[in-house]
Trainee: 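Got a structure for you, written out below as structure tokens; questions coming shortly.
Ligands are counted one by one from 1 in listed order, and the atoms in each one are counted from 1 as well.
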Amino acid sequence: MKICWVIYNGSLTSDKFRDQAELLADAAKRAGVKAKIVMNYEVMMSLNAQLEERPDFVVFLDKDILLATFLKNVGIPVFNDPEVIETCDNKAKQYIQLAKNGIAMPETIIAPKVYPKFTIEGSGYYEQVLDKLGLPMIIKEGHGSFGMKVYLIETEEEFFAKVDELRGIDYVFQEFIETSRGRDIRVNIVGGEIVAAMYRSSQTDFRANITNGGVASIVELTAEQKELAIRAADAVRAEFAGVDLLFGDNEKPLVCEVNAAAHIRNIYNVTGINVADKMIEYILGKLA
Ligand SMILES: Nc1ncnc2c1ncn2[C@@H]1O[C@H](COP(=O)(O)OP(=O)(O)OP(=O)(O)O)[C@@H](O)[C@H]1O
Ligand SMILES: [Mg+2]
């Protein structure tokens, strides 16, 4: 019998992280795999000792990239691959990769590194960004989830306050896709195939995230949406991906982001599709 670890972050106390791990562990058990839910800090990353236990594979639901790398380096298959988790965990890095692969997305400018104790205000750099993207615009931190680090900037005053506040942090400037205000599509992909999708919309916020008050419903994807979502997951080499799509001019799909550890509870409730079963099936097929 194969053994799998489902790893999530033990410092996150919200029930949804444990719930996500349980969905995966239950799916593994249904497939005849012995599954154990493991919190990241329960694995001692001792570099000069052997691991006491070794699973046959790990489903990695967290962003503890060092742990994912540590496990991969001792020869344990980790899903997603640590490099994919790392790319997706930093939106700036991810957009560079998406652009390299010609993926349609909002116009995006990666903010230059500014050391926290210094400033480039007065250099004219930020004025150029304002000229190129106009207002309103989106500023998005590299590391953020549930829409919490995504800002709609409407005035120059807000713009300069935000760039000042973000000194020392990776972030991007992005065209605000007005035609997508409060709505997007989440597409879950497993091994290059679309397994579920939902439409998310919010009456109260420009962000469609359910955690921000968005409401989800079933959606039939267009051929163009399907193709773009699959290409986006492929561009960052994600075997499991939650791709967010925006609606551009004439509903033209644009990639908002690719999540490497997308939550699957909401999409399960909305569509009845348990993405966890597909993930486990994919892994077992790959390891066979
Ligand atoms: N350029 C944009 N134009 C219009 N709306 C956007 C844009 N970027 C993001 N949004 C809205 O904000 C929401 C959150 O943005 P994004 O998905 O990039 O970050 P996140 O949700 O914090 O990340 P995660 O999905 O990992 O939780 C999107 O679902 C979308 O509704
Ligand atoms: Mg998102």
Side-chain angles (χ1 to χ4, degrees), residues 9 12 14 16-17 20 61-63 65 80 84-99 103-111 129 132-154 159 162 166 169-189 197-217 219 225 229 232-233 236 238 240-249 251-267 275:
N9 194 295
L12 298 171
S14 161
K16 62 185 168 202
F17 298 100
Q20 165 96 336
L61 301 178
D62 187 43
K63 298 172 176 177
I65 292 150
N80 275 308
V84 174
I85 299 172
E86 185 161 22
T87 304
C88 292
D89 182 43
N90 184 334
K91 287 188 170 80
K93 194 167 173 182
Q94 171 186 144
Y95 287 128
I96 290 174
Q97 184 90 1
L98 293 175
I103 301 297
M105 59 172 151
E107 199 178 326
T108 302
I109 296 172
I110 311 288
V129 174
K132 279 190 197 298
L133 298 182
L135 291 173
M137 97 171 64
I138 294 283
I139 288 185
K140 216 178 261 196
E141 293 186 36
H143 305 279
S145 286
F146 309 113
M148 283 181 316
K149 304 273 171 89
V150 178
Y151 314 102
L152 179 61
I153 305 294
E154 305 200 76
F159 175 83
K162 189 53 81 183
L166 294 183
I169 291 175
D170 285 348
Y171 68 97
V172 304
F173 305 99
Q174 196 167 67
E175 172 192 5
F176 176 54
I177 306 300
E178 181 67 58
T179 44
S180 202
R181 185 187 281 266
R183 63 194 189 114
D184 72 1
I185 285 181
R186 164 59 61 87
V187 185
N188 278 78
I189 293 176
M198 63 180 167
Y199 173 74
R200 305 185 291 191
S201 67
S202 171
Q203 303 292 345
T204 52
D205 199 287
F206 74 95
R207 291 161 296 192
N209 303 62
I210 293 168
T211 314
N212 269 307
V215 177
S217 55
V219 66
Q225 287 166 338
V236 296
F240 305 150
V243 180
D244 293 341
L245 297 178
L246 299 171
F247 299 89
D249 280 345
E251 306 289 89
K252 175 182 151 51
L254 299 169
V255 171
C256 176
E257 64 153 349
V258 182
N259 297 282
H263 281 246
I264 54 176
R265 168 60 69 188
N266 288 325
I267 208 154
V275 178

Trainee: Flag this pair as yes if the NZ/CZ of Arg183 is under 6.0 angstrom from the six-membered ring centre of Phe247 and inside a 45 degree cone about the axis; otherwise no.
Mentor: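 So Arg183 does make the cation-pi contact.
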
Trainee: Does ligand 1 have a heavy atom under 4.0 Å from the side chain of Ser180, from its backbone, from both, or from neither?
Mentor: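 Within the 4.0 Å criterion, Ser180 makes no contact with ligand 1.
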
Trainee: Return yes or no for this condition: an N or O of Asp244 is under 3.5 Å from an N or O of ligand 1.
Mentor: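 For ligand 1, there is an N or O atom that lies under 3.5 Å from one belonging to Asp244.
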
Trainee: Give a yes/no on ligand 1: does Arg181 have at least one heavy atom closer than 4.0 angstrom to it?
Mentor: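 So Arg181 does not count as touching ligand 1.
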
Trainee: Does the side chain of His143 come under 3.5 Å of the side chain of Asp170 through a donor N or O and an acceptor N or O?
Mentor: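 The criterion, which ignores hydrogens and geometry beyond distance, is not satisfied for Asp170 and His143.
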
Trainee: For atom 31 (O) of ligand 1, what's the nearest protein heavy atom and its distance?
Mentor: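 Sorting protein heavy atoms by distance from atom 31 (O) of ligand 1 puts Ala208 N, 2.9 Å first.
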
Trainee: What protein heavy atom sits nearest atom 15 (O) of ligand 1, and how far off is it?
Mentor: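 Checked against all protein heavy atoms, atom 15 (O) of ligand 1 sits closest to Val150 CG2, 3.6 Å.
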
Trainee: Between Phe146 and Lys16, is there a cation-pi geometry (under 6.0 Å to ring centre, at most 45° from the normal)?
Mentor: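 Pair Lys16/Phe146 counts as cation-pi.
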
Trainee: Ignoring angles and geometry beyond distance, decide whether Ile177 reaches within less than 3.5 Å of ligand 1 through its nitrogen or oxygen atoms.
Mentor: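 So ligand 1 has an N or O lying under 3.5 Å from an N or O of Ile177.
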
Trainee: Looking only at protein heavy atoms, identify the closest one to atom 13 (C) of ligand 1 and say how far it is in Å.
Mentor: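 Here the closest protein heavy atom is Asn209 OD1, 3.1 Å.
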
Trainee: Is Lys91 near ligand 1, meaning one of its heavy atoms is under 4.0 Å from it?
Mentor: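 Yes, that is the case, since the closest heavy atom of the residue is under 4.0 Å from the ligand.
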
Trainee: Could an N or O of ligand 1 be found under 3.5 Å from any N or O of Glu175, whether backbone or side chain?
Mentor: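 Checking ligand 1 against Glu175, an N or O pair does fall under 3.5 Å apart.
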
Trainee: Do any N/O atoms on Gln174 end up under 3.5 angstrom from N/O atoms on ligand 1?
Mentor: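 So ligand 1 has an N or O lying under 3.5 Å from an N or O of Gln174.
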
Trainee: Indicate yes or no: at least one non-hydrogen side-chain atom of Lys63 is less than 4.5 angstrom from one of Asn9.
Mentor: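 Sidechains of Asn9 and Lys63: no contact.
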
Trainee: Could you see which bit of Leu246 sits under 4.0 Å from ligand 1, with heavy atoms only: side chain, backbone, both or neither?
Mentor: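 The side chain, only.
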
Trainee: Between Tyr151 and Glu141, does any side-chain donor sit less than 3.5 Å from a side-chain acceptor?
Mentor: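 Short answer, yes.
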
Trainee: Please state which protein non-hydrogen atom is closest to atom 26 (O) of ligand 1 and give its distance, to 0.1 Å?
Mentor: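 Answer, as residue, atom name and distance: Asn259 OD1, 2.4 Å.
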
Trainee: Among Arg207, Arg183, Lys149, which one puts a heavy atom closest to atom 12 (O) of ligand 1?
Mentor: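 Closest candidate by heavy-atom distance is Arg207.
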
Trainee: To the nearest 0.5 Å, tell me how far Gln174 CD sits from Ile110 CD1.
Mentor: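 Result: 9.0 Å between the selected atoms.
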
Trainee: Is the shortest side-chain heavy-atom distance between Val187 and Gln225 below 4.5 Å?
Mentor: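 Counting from C-beta outward, Val187 and Gln225 never come under 4.5 Å.
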
Trainee: Which atoms of ligand 1 have any heavy atom of Arg200 under 4.0 Å away?
Mentor: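 Numbered from 1, ligand 1 contributes 29 (O).
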
Trainee: Do side-chain atoms of Asn80 reach the backbone of Ala260 as a donor and acceptor pair under 3.5 angstrom?
Mentor: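 Yes, because the side chain of Asn80 sits within donor-acceptor range (under 3.5 Å) of the backbone of Ala260.
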
Trainee: Under 4.0 Å from any heavy atom of Arg186, which atoms of ligand 1 are there?
Mentor: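 Answer, ordered by atom number: 25 (O).
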
Trainee: Check all N, O or S atoms of Asp244 and name the one closest to the Mg ion (ligand 2).
Mentor: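 Result: OD2.
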
Trainee: Students should be able to answer this: which protein heavy-atom is nearest to atom 8 (N) of ligand 1, and at what distance?
Mentor: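 Ranking protein heavy atoms by distance from atom 8 (N) of ligand 1, first comes Lys140 NZ, 3.0 Å.
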
Trainee: Hey, what do you get for CG (Leu245) to CG (Leu254), rounding to the nearest 0.5 Å?
Mentor: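 Reported to 0.5 Å precision, the distance equals 8.5 Å.
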
Trainee: Name the closest protein heavy atom to atom 25 (O) of ligand 1, giving the residue it belongs to and the distance to 0.1 Å.
Mentor: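 For atom 25 (O) of ligand 1, the nearest protein heavy atom is Glu257 OE2, 2.3 Å.
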
Trainee: Quick one: nearest non-hydrogen protein atom to atom 22 (O) of ligand 1, plus distance?
Mentor: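 Answer for atom 22 (O) of ligand 1: Gly147 N, 2.6 Å.
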
Trainee: Between Met137 and ligand 1, which residue portion shows a heavy-atom distance shorter than 4.0 Å: side chain, backbone, both, or neither?
Mentor: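 The answer is neither; Met137 stays 4.0 Å or more away.
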
Trainee: Does some non-hydrogen atom of Gly144 fall short of 4.0 Å from ligand 1?
Mentor: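 Yes; Gly144 lies near enough to ligand 1 that a heavy-atom distance drops under 4.0 Å.
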
Trainee: Which heavy atom of the protein is the closest neighbour of atom 29 (O) of ligand 1, given with residue, atom name and distance?
Mentor: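 I find the closest protein heavy atom is Asp184 OD2, 2.6 Å.
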
Trainee: Would you say Glu257 has an N, O or S atom lying under 2.8 Å from the Mg ion (ligand 2)?
Mentor: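 Coordinating: yes.
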
Trainee: Just checking, any donor-acceptor pair under 3.5 angstrom between side chains of Gln97 and Thr87?
Mentor: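 On atom types as modelled, these side chains do not qualify, holding no pair under 3.5 Å.
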
Trainee: If you measure every N/O of Phe176 against every N/O of ligand 1, is any gap under 3.5 Å?
Mentor: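 In this structure, Phe176 places no N or O atom under 3.5 Å from an N or O of ligand 1.
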
Trainee: Hey, what do you get for CD1 (Ile210) to OG (Ser201), rounding to the nearest 0.5 Å?
Mentor: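 Reported value, rounded in 0.5 Å steps: 9.5 Å.
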
Trainee: Is it true that Lys140 and Glu175 make a salt bridge, defined as a side-chain N closer than 4.0 Å to a carboxylate O?
Mentor: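 Salt bridge absent between Lys140 and Glu175.
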
